[in-house]
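The first residue in the sequence is number 1, and the count goes up from there. Computed over heavy atoms, backbone and side chain alike; hydrogens, waters and symmetry mates excluded.
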Amino acid sequence: MSDEKKRYESLDFFRACACIGVIVAHACEVQFSNSSQVFLLGFWDRLVGALVNFRAGVQIFFCISGYCISYALLKRKNSFKGFFINRFKRIFPPYWACFFIFAGLTYFAKWLSKIFLNIDFLFNTADPSVLTFSQWIGNLLLWETWRHHIFGSPKDLFLSHAWSLCYEEQFYFFLGIFFFISRKFFFQLVCWFSLAIFIGIFFQYQGRVDFTGFGFDRYWIPFGFGILVFYYLHQATLIRRKIILGFVALISLIAISLHFTDWSANDMAFGIMRSVATAGVFSCLLFILYDFDKSFVRLPIVRQVTFVGTFSYSLYLVHLPITFVLMRLFWGLGLRDGWQAIWISTPLCIFVSLLAAWPFYLLFEKPFLSRSAAKP
């Protein structure tokens, strides 16, 4: 069967689920922070707190990205130059459009609140007018998670969720370099690089080094799992598949078990275990689902959700400012109970984000997509 026929169509479904999960997490996070002084810890309040963990959807994005970038490099016969041009067009034009649109809206809203209305409380987001020159560079070039380690002012992201794009940019760079060095030994280079990262994470856990924000910290873990999914589906022999599936299942169970021990009380250890558990379980799902992919995406509800996955990047870009403002507005209007956040505020945030994301996709993302940059 050809590669085109074996395109992993379910990935758009999982992109959509991950993105909607992130919206839910951010909405509940705002609800939780607003109600921290009066939190009653009832059922609905505890559910709001639990749904904040849906931010692990970013780990799923990283895992999918690891698979897709490996596919783009090794299956599509991309040139080294062509790969980076396609990645640039895929990421930066929509991001810059989102950045300047919301920067302009923030300026306007704060001016309006000072002149006519008392709505400052809705817009206490980062103010682009206070960004320094180095912070502007970091924001516009997606260097901000690591830039402050090298030069300039402390880290300050205007669009706070752009931190994940800073990592994506670095992941693309690393894989592009490995591909340039040797296509034949691409996976060996990834394995050695991953081993070096785990050693570095160990020293970081002990407090000896700090490379938080660089693409070789713990967020490489889900991305690396995505590369492993590609190898499993397109390169590995049957025996190696069995070994990989057993290994990933085992370390996922270990990570889930350690998640509930005192060892994960440390914030960094907790993050590592969450990355391993989330990406490991999701990778096992991708291993198994691949053979049933065509049947799965034909299911009516799956097909509808999959449509959202086609513009999930635009949805991810626009959702956070929208969600932040709406949740604070709903709070100001008196929707302060946990059940109201679950059944009213959060669904409205998802709905409005979807309404904004579709035209944004048509205007600022779709024109920059090429056939060679399409998603696998």
Side-chain angles (χ1 to χ4, degrees), residues 3 7-8 11-12 14-15 18-19 58-100 137-147 157 159 161-183 186-187 189-190 193-194 197 213-217 219-220 222-231 234 309-318 357 360-361 363-376:
D3 287 335
R7 177 184 182 273
Y8 210 151
L11 293 183
D12 279 335
F14 292 116
R15 283 189 181 98
C19 195
V58 176
Q59 314 275 346
I60 294 175
F61 275 128
F62 285 162
C63 188
I64 293 174
S65 184
Y67 173 87
C68 291
I69 298 308
S70 300
Y71 193 101
L73 283 169
L74 300 176
K75 284 289 186 182
R76 290 213 176 95
K77 299 180 180 180
N78 265 321
S79 67
F80 179 73
K81 178 182 177 180
F83 168 75
F84 281 109
I85 290 175
N86 285 333
R87 288 298 96 195
F88 177 88
K89 292 192 298 183
R90 182 77 183 87
I91 295 298
F92 279 100
Y95 168 69
W96 286 337
C98 183
F99 183 95
F100 286 110
I137 293 176
N139 275 265
L140 294 179
L141 298 182
L142 293 175
W143 295 355
E144 193 61 10
T145 58
W146 58 266
R147 186 267 317 153
L157 279 164
L159 298 175
H161 57 316
W163 71 268
S164 62
L165 303 182
C166 298
Y167 278 92
E168 290 274 1
E169 179 185 56
Q170 295 176 76
F171 296 154
Y172 300 160
F173 174 77
F174 294 144
L175 289 200
I177 293 299
F178 296 154
F179 179 78
F180 177 76
I181 293 173
S182 175
R183 177 171 181 163
F186 176 83
F187 292 107
L189 291 171
V190 170
F193 185 69
S194 299
I197 286 175
F214 289 100
F216 40 84
D217 65 8
Y219 288 110
W220 172 265
F223 191 80
F225 270 107
I227 300 171
L228 186 61
V229 170
F230 173 84
Y231 178 78
H234 300 286
T310 61
F311 61 97
S312 58
Y313 179 48
S314 292
L315 179 59
Y316 182 76
L317 285 175
V318 305
F360 183 91
Y361 166 78
L363 289 172
F364 301 112
E365 182 181 356
K366 189 176 181 180
F368 296 96
L369 295 178
S370 63
R371 179 177 175 82
S372 60
K375 300 172 185 175

The side-chain hydrogen bond (donor to acceptor under 3.5 Å, both in side chains) partners of Tyr361 (sequence neighbours excluded) come to none
Phe88: partners by ring pair (Phe, Tyr, Trp, His ring centres under 6.0 Å), with sequence neighbours left out:
Phe92, Trp96
Go through the structure and list residues passing side chain to side chain contact (heavy atoms under 4.5 Å, CB included) with Phe364, not counting sequence neighbours.
Ala97, Ile101, Phe360
Residues forming a side chain to side chain contact (heavy atoms under 4.5 Å, CB included) with Ser65, sequence neighbours excluded
Ile69, Glu168, Tyr172, Phe223
Mark yes or no for whether Tyr313, through its side chain, and Ile91, through its backbone, hold a donor-acceptor pair below 3.5 Å.
yes
When Phe178, Phe173, Phe171 are each screened for ring-ring contact (aromatic ring centres under 6.0 Å, His included) with Phe193, the one that passes is Phe178
Which pair of heavy atoms, one from Leu159 and one from Phe99, lies closest together, and at what distance?
CD1-CA, 3.8 Å
Output all residues satisfying side-chain hydrogen bond (donor to acceptor under 3.5 Å, both in side chains) with Gln170, sequence neighbours left out; order by chain, then residue number.
none
side-chain hydrogen bond (donor to acceptor under 3.5 Å, both in side chains) partners for Asp217, two or more places apart
Tyr167
Would you call the rings of Phe174 and Phe216 parallel, tilted or perpendicular, taking 30° and 60° as the class edges?
tilted
Least distance between heavy atoms, Pro94 atom then Lys89 atom:
CD-O, 4.0 Å
Can you tell me if Arg87 uses its side chain to pair, donor with acceptor, with the backbone of Glu169 under 3.5 Å?
no
